[in-house]
Enquirer: 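Take a look at the following structure, please.
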Amino acid sequence: MITVSLPDGSERELPAGSTALDLAASIGSGLKKAAVAATVNGIDTDLTTEVADGDVVAIITNNTDEGRHVLRHSTAHVLAQAVTLLYPGAKFSIGPAIENGFYYDFDLPDDQTFTEEDLGTIEKKMKEIVKANQPFTRSEHSMAEAKELFADQPYKVEIIERVESAGADDLDAGEVSGDVISAYRNTDEFVDMCVGPHVPSTGKLPWFKLQKVAGAHWRGNESGKMLQRLYGTAWESKQALADHLHQLEEAAKRDHRKLANELDLLSFPQELGGGLAVWHPKGAIIRKLMEDYSRLRHETGGYEFVYTPHLANGKLFETSGHLQWYADGMYPPMEMDNGTYYMKPMNCPMHCLIFKGRQRSYRELPLRLFELGNVYRYERAGTLHGLLRIRGFTQDDSHIYCTKEQLADEIASLLDFVLSVLRAFGFEDFTFNLSTKDPEKYVGSDEIWEEATAALKSAIESHGLEYQVKEGDAAFYGPKIDIDVRDAIGRSWQLSTIQADFQLPERFELEYVGADNERHRPIMLHRALFGSIERFFGVLIEHYAGAFPTWLSPLQVRVLPVAEAHEEHVEKVVGELQGAGVRVDWVKADVGLGKRIRTAKMEKLPYVLVVGDDDVAANTVGVNLRHDMVEEGQDDVERDVPLATFIERFRAEVDNAATAALNA
RNA sequence: GCCCUCUUAGCUCAGUCGGUAGAGCACAGCCAUGGUAAGGCUGGUGUCGUGAGUUCGAUUCUCACAGAGGGCUCCA
């Protein structure tokens, strides 16, 4: 007998030669069923591994993140086997588990490609493999043996050779670890190189679904061969799979492109060109509110407003360096009789010209220039994505020129500012990323990088905020803080950015006169809170699922007369609401009330007021709230509310939202 | 830019194995005058993304281009 200890500290006796799976079975049949792998003395391993006397063993179950990772990875092997059966000669490269699922990259013979229809066939073949309950059998090999074993899988051989030459990287990590190559065999024909662990057999993997076919460059390199990637999702139970698929459907319903169209907010006319939007009246109301709010905050926040043109002489972008580094991302030149002009991809060079417009004193610093600046970037066709990646957009852009000594304070107050603005739009959950110097690509002295990075860091820390450091992720011109927000359904979006810049002040030879009467070079901060108005609006649509809070709703109230006889009175009600600053309309009673209510609901209006005989008599309204505004246990309809009472409540709600936003 | 897919009425989509097209919603007219999520009847609606090729004939097949979707790469 041997004795192993469990994570809770308890010990268990088992016959010698027992496996981790035997241990699970000895604890309970439920555990045996849920077990997918084990951790023995801190190392993840297969359930079929024998445990030894004194081992510390934890069973990994399928309803944990770790367990799902194992079953997703195992499902990827099933996918690879199915593809090799259906497409003889198919080469497979890598197939890791990812968040919520897995993928596998293939290179099909004779330039064959997968289409969406093939997914069904492949899925069917995978189900057969699951039904056959094939074992995952681990074996270990020397490099030479492994190359022999995978002789007809060139991508695997390439990985082995990279390991041999000690050049393996993160991309290879799922395939190989250490000097010994491990492989998992399902059948006589199918074996895949993999570090494991895996489930004991394919029968453990029934709850998966193939989702999409995509292209992917070999080794994530744009010049690498284009492989065919299949994505799938896999879960521990039928319910978990169904829940996940349901969640995806819910997310799809929030898609800002779909909602922008349905709610008539904006569109991307084909005639306009890719990645360019036109804002319709309803979208424009929201945009104007966002801009008004932003301007108000900047006005009270110590910023000076500037305006700069949409295009500029190319010489400006030579000075700024944009033409040197980002010409590909700019709209092509316009040759004029007095020079070559470009659409501006950024506002900073022009703000630098304003700084440089006259001699500056340290007494003016920090100088904060603000502009809602329209910029144009020729994003590559394949990267466009609704409002989230667009070619013409508006930055709530500011450039702050300050002294080295002012940097830390400036950044700290910026963080307060950013958070308060984001909170006004309903975001509560933030993640901070500090990007540090890329040792391969940077300008400026090491000292100034260190100082600025320390300033950014201490600003975050002094706010008691959690953050992640992204080593080497900074732009070449300075370190930065990016702020991700979490939306209503838990997705994360990068919005705000605060970037130090040591480059542009040099290139534009910006100077101020210090207290010492000497000339000094200022430090420049770039920062955007929304990031771009367009992108922020896209995220906002998805965050609220199109049901904007009342203060942002394009139309806040709709009044519905029950019958024609009430229309005259309704016009008076509407007039009174308009007088109270409500964005309101009304609809004639020539279709059924139920139908008109339904239409208003589909338009996601916060308030629908119904006016009938009683209301005309008593100057009241029936108040119908949008679903998400109804509080727990409250009825969504309240009858006989005096109009004055409704207006009072409405003003309290909207004014609160606006003032709360301002005071946040 | 690269791989796969797609583009038909205002919207969502069906369809034509090559003979110029349909549904629901929306819209218009008439009827119904109705207190909280689709009242009834009738009707109109299309350069079938753009251009070229093959063909007696192309919305359908081929190619190019544009736009979109899913990915890869990229994102100052």
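Residue numbers start from 1 in every chain, and the chains themselves are labelled A, B, ... in the order their sequence lines are given, proteins ahead of strands.
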Enquirer: Between A:His280 and A:Ser267, does any side-chain donor sit less than 3.5 Å from a side-chain acceptor?
Expert: yes
Enquirer: Could you tell me whether the side chains of A:Asp484 and A:Trp493 share a donor-acceptor contact shorter than 3.5 Å?
Expert: no
Enquirer: Side chains of A:Ser553 and A:Lys604: do they bring a donor and an acceptor to under 3.5 Å?
Expert: no
Enquirer: Given B:rG1, is OP1 or OP2 found less than 4.0 Å from the side-chain N or O atoms of A:Tyr378?
Expert: no
Enquirer: Counting only side-chain nitrogens and oxygens, does A:Lys595 get under 4.0 Å of the OP1 or OP2 atom of B:rG35?
Expert: no
Enquirer: For B:rA37, take OP1 and OP2 only and decide whether either is under 4.0 Å from a side-chain N or O of A:Asn624.
Expert: no
Enquirer: Can you confirm whether the side chains of A:Asn347 and A:Gln395 place a donor and an acceptor under 3.5 Å from each other?
Expert: yes
Enquirer: Is the A:Tyr104-A:Phe102 ring centre distance short of 6.0 angstrom?
Expert: no
Enquirer: Would you state whether a donor and an acceptor, one from the side chain of A:Arg389 and one from the base of B:rC75, lie under 3.5 Å apart?
Expert: yes
Enquirer: Looking at every strand, decide which applies to A:Tyr477 at a 4.0 Å heavy-atom threshold: base, sugar-phosphate, or nothing.
Expert: sugar-phosphate
Enquirer: Under 4.0 Å, heavy atoms only, any strand: does A:Gly612 hit a base, just the sugar-phosphate, or nothing?
Expert: base
Enquirer: Ignoring hydrogens and angles, does a donor from either the side chain of A:Arg596 or the base of B:rU36 sit under 3.5 Å from an acceptor on the other?
Expert: no
Enquirer: How many whole angstroms separate atom CG of A:Asp105 from atom C1' of B:rC2?
Expert: 14 Å
Enquirer: Both atom distances under 3.5 Å, Watson-Crick or G-U wobble: I'd like the secondary structure of RNA chain B as a dot-bracket string, with | for pairs made across strands.
Expert: (((((((..((((.....[..)))).(((((.......))))).....(((((..]....))))))))))))....
Enquirer: Output the rounded distance in Å from CG (A:Asp590) to P (B:rA26).
Expert: 13 Å
Enquirer: Checking side-chain polar atoms at under 3.5 Å, does A:Tyr378 have a donor or acceptor matched by the opposite partner on A:Asp328?
Expert: no
Enquirer: Set out, line by line, the N/O atom pairs under 3.5 Å between protein and nucleotides 7-10 of chain B.
Expert:
none

Enquirer: From the list B:rA76, B:rC72, B:rU36, which nucleotide is the closest neighbour of the side chain of A:Arg377?
Expert: B:rA76
Enquirer: Ignoring the backbone of A:Arg639, work out which of B:rA37, B:rA32, B:rG35 is nearest its side chain.
Expert: B:rG35
Enquirer: Round to the nearest Å and state the distance from A:Leu230 atom CG to B:rU5 atom C1'.
Expert: 14 Å
Enquirer: Which protein N or O atoms sit under 3.5 Å from an N or O of nucleotides 68-70 of chain B?
Expert:
unit_1	atom_1	unit_2	atom_2	d
B:rA68	OP1	A:Gly275	N	3.2
B:rG69	OP1	A:Arg257	NH1	3.0
B:rG69	O3'	A:Arg257	NH1	3.4
B:rG70	OP1	A:Arg257	NH1	3.4
B:rG70	OP1	A:Arg257	NH2	2.8
B:rG70	OP2	A:Arg257	NH1	3.2
B:rG70	OP2	A:His385	ND1	3.3

Enquirer: Can you tell me which nucleotide in B:rC11, B:rA37, B:rC74 comes closest to the side chain of A:Ile597?
Expert: B:rA37
Enquirer: By nearest atom, which of the nucleotides B:rC4, B:rA76, B:rG67 is closest to the A:Tyr326 side chain?
Expert: B:rA76
Enquirer: In this structure, how many angstroms lie between the C1' atom of B:rG1 and the CZ atom of A:Arg380, rounded?
Expert: 4 Å
Enquirer: What is the separation between atom CG on A:Asp107 and atom C1' on B:rC3, rounded to the nearest whole Å?
Expert: 12 Å
Enquirer: Can you tell me which nucleotide in B:rC4, B:rG35, B:rA37 comes closest to the side chain of A:Gln228?
Expert: B:rC4
Enquirer: Can you confirm whether or not the ring centre of A:Phe114 sits under 6.0 Å from the ring centre of A:Tyr87?
Expert: yes
Enquirer: Test for a donor-acceptor pair under 3.5 Å between the base of B:rG35 and the side chain of A:Asp615, counting only N and O atoms.
Expert: yes
